[in-house]
Protein chains: 2
Amino acid sequence: MYSRFMSTSERLIESTRELLWERGYVGTSPKAILERAGAGQGSMYHHFKGKPDLALAAIRRTADEMRATAEGVLDGPGTPYERIEAYLTRERDVLRGCPIGRLTMDPEVIASDELREPVDETIDRIRERIAHLVEEGKEQGQFGAGLDGEAIAATVVATVQGGYVLARASGSPTAFDAGVRGLLSLLAPRPTD
Amino acid sequence: MYSRFMSTSERLIESTRELLWERGYVGTSPKAILERAGAGQGSMYHHFKGKPDLALAAIRRTADEMRATAEGVLDGPGTPYERIEAYLTRERDVLRGCPIGRLTMDPEVIASDELREPVDETIDRIRERIAHLVEEGKEQGQFGAGLDGEAIAATVVATVQGGYVLARASGSPTAFDAGVRGLLSLLAPRPTD
DNA sequence: GTCTATAAAACGATAGAC
DNA sequence: GTCTATCGTTTTATAGAC
């Protein structure tokens with residue numbers, strides 16, 4: 001199911017990451033993880049204390065990966081507007097939803113400070129990075145001085161997260177793209193400014 | 001647990017609505033529903049074909065209710081901008097999330113056209129209503145002629161849905177409010193326009 | 001209509017052989 | 001380290017008494 005050169009512990013984490021993305025924490029059973037990883041019960045309980053412990057390892061890895069991807073784009077080339085645009089329009093598997101954002105709808109993730117922490121941390125870091133970009137854009141005169149960086153950043157991240165909701169509701173990525181397009185049209189530096 | 005004058009069938013639907021909101025479809029067991037409703041197995045299987053059938057009744061009711069609430073605000077008094085503002089700022093139990101939007105993260109809801117239909121329909125109707133309002137605002141000169149009603153509507157609904165994600169990630173409604181504030185600042189009719 | 005009894009399977013974990 | 005066996009509980013339902 002995975003590379004022959006991946007350790008059992010690695011295969012367990014990767015299986016869990018996939019299942020958490022597809023089905024969330026409450027919808028993912030150890031049995032399903034083990035089947036996908038091609039491992040037995042013993043392996044899982046040898047490497048991890050149980051389902052919450054394995055899930056934590058999986059969530060942390062997904063969070064780190066997403067943070068790196070987002071920051072790669074936000075710290076990339078271009079003006080502040082262009083970098084926010086790049087973040088909003090980067091390729092996404094829209095109908096699969098956000099592997100981190102979807103966890104916020106899971107009651108057991110939200111009930112556990114440990115499981116929620118990497119989710120919160122990731123979203124917060126991206127939000128802070130965008131807020132900083134907006135402030136930079138204001139200094140450069142690209143954005144109106146009246147904009148609040150923190151608020152705009154929340155709008156940007158929320159539009160992405162909510163875009164997944166619209167797309168999955170309709171079964172098509174169209175609404176996600178429309179939401180992004182609407183936000184970019186509101187955010188765009190206007191020649192008249 | 002509910003009014004003595006509520007029928008068993010009603011109590012089952014209401015219990016299911018609450019649990020779907022709190023835990024989603026995969027996280028809600030018939031047993032939990034029955035306990036909350038104060039009913040036995042037999043009652044549930046007498047009134048409903050099974051879990052999916054009961055969930056459908058519950059989802060339909062929540063969808064109808066949400067549609068009515070949203071349209072009540074969007075069709076209320078005020079200019080197009082004011083009505084969109086009223087929609088965005090209406091009182092919400094932010095940390096509980098959206099009882100309809102959260103269902104889009106549930107694999108079994110998304111896998112079932114029947115369960116997904118009321119979710120899709122509700123979000124789509126609200127989006128259409130907002131798109132129409134934006135077009136009205138354009139005709140009245142309140143919004144720039146360059147805005148695309150459908151796109152802005154998607155942004156508005158996505159900001160709300162994504163705002164729930166940010167709020168639940170951080171455990172505080174602050175980020176929801178910030179996202180709404182950011183969007184309103186971008187959308188606000190400017191005297192200079 | 002509502003209840004309890006029963007059931008096969010899945011859940012999450014432990015024990016212990018290899 | 002990995003496996004299978006076992007465990008007690010929960011899940012989703014059916015059967016049948018009342």
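Residue numbers start from 1 in every chain, and the chains themselves are labelled A, B, ... in the order their sequence lines are given, proteins ahead of strands.
To the nearest angstrom, P of C/dC11 lies 16 Å from NZ of B/Lys31. The nearest whole Å value for the distance from the CG atom in B/Asp53 to the P atom in D/dT14 is 12 Å. The separation between B/Leu12 atom CG and C/dT2 atom C1' is 11 Å, rounded to whole Å. Nucleotide D/dT4 holds its C1' atom 13 Å from the CG atom of A/Leu34, rounded to whole Å. Rounded to whole Å, the distance from CD on A/Glu10 to P on D/dG1 is 14 Å. Between the P atom of D/dG1 and the CZ atom of A/Phe48 lies a distance of 12 Å, rounded to the nearest Å. Rounded to an integer number of Å, the gap from CD of A/Gln41 to C1' of C/dC11 is 9 Å. Whole-Å rounding puts the B/Lys51 NZ to D/dT10 P distance at 16 Å.
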Result block: side-chain N/O donor-acceptor pairs under 3.5 angstrom for residues 40-54 of chain A, not counting sequence neighbours:
residue, atom, partner, partner atom, Å
A/Lys51, NZ, A/Tyr25, O, 2.9
A/Lys51, NZ, A/Thr28, O, 2.8
A/Asp53, OD2, A/Lys49, N, 2.9

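Regarding contacts with the backbone of D/dC3, every side-chain N or O of A/His46 stays at 4.0 angstrom or more from both OP1 and OP2. Residue A/Tyr45 places at least one side-chain N or O closer than 4.0 Å to OP1 or OP2 of C/dA13. Here B/Ser29 reaches the OP1 or OP2 of D/dT11: one of its side-chain N or O atoms lies under 4.0 Å away.
Taking the side chain of A/His47 as heavy atoms from C-beta on, and the options D/dG1, C/dT14, D/dA13, the nearest nucleotide is D/dG1.
Grouping the Ile, Leu, Val, Met, Phe, Trp and Tyr side chains by contacts below 4.5 angstrom, directly or via other members, places A/Leu19 apart from B/Val109.
Salt bridge present: A/Glu14 and A/Arg61 bring a charged side-chain N and a carboxylate O closer than 4.0 Å. A salt bridge does not link A/Glu65 to A/Arg60: none of the charged nitrogens lies less than 4.0 Å from a carboxylate oxygen.
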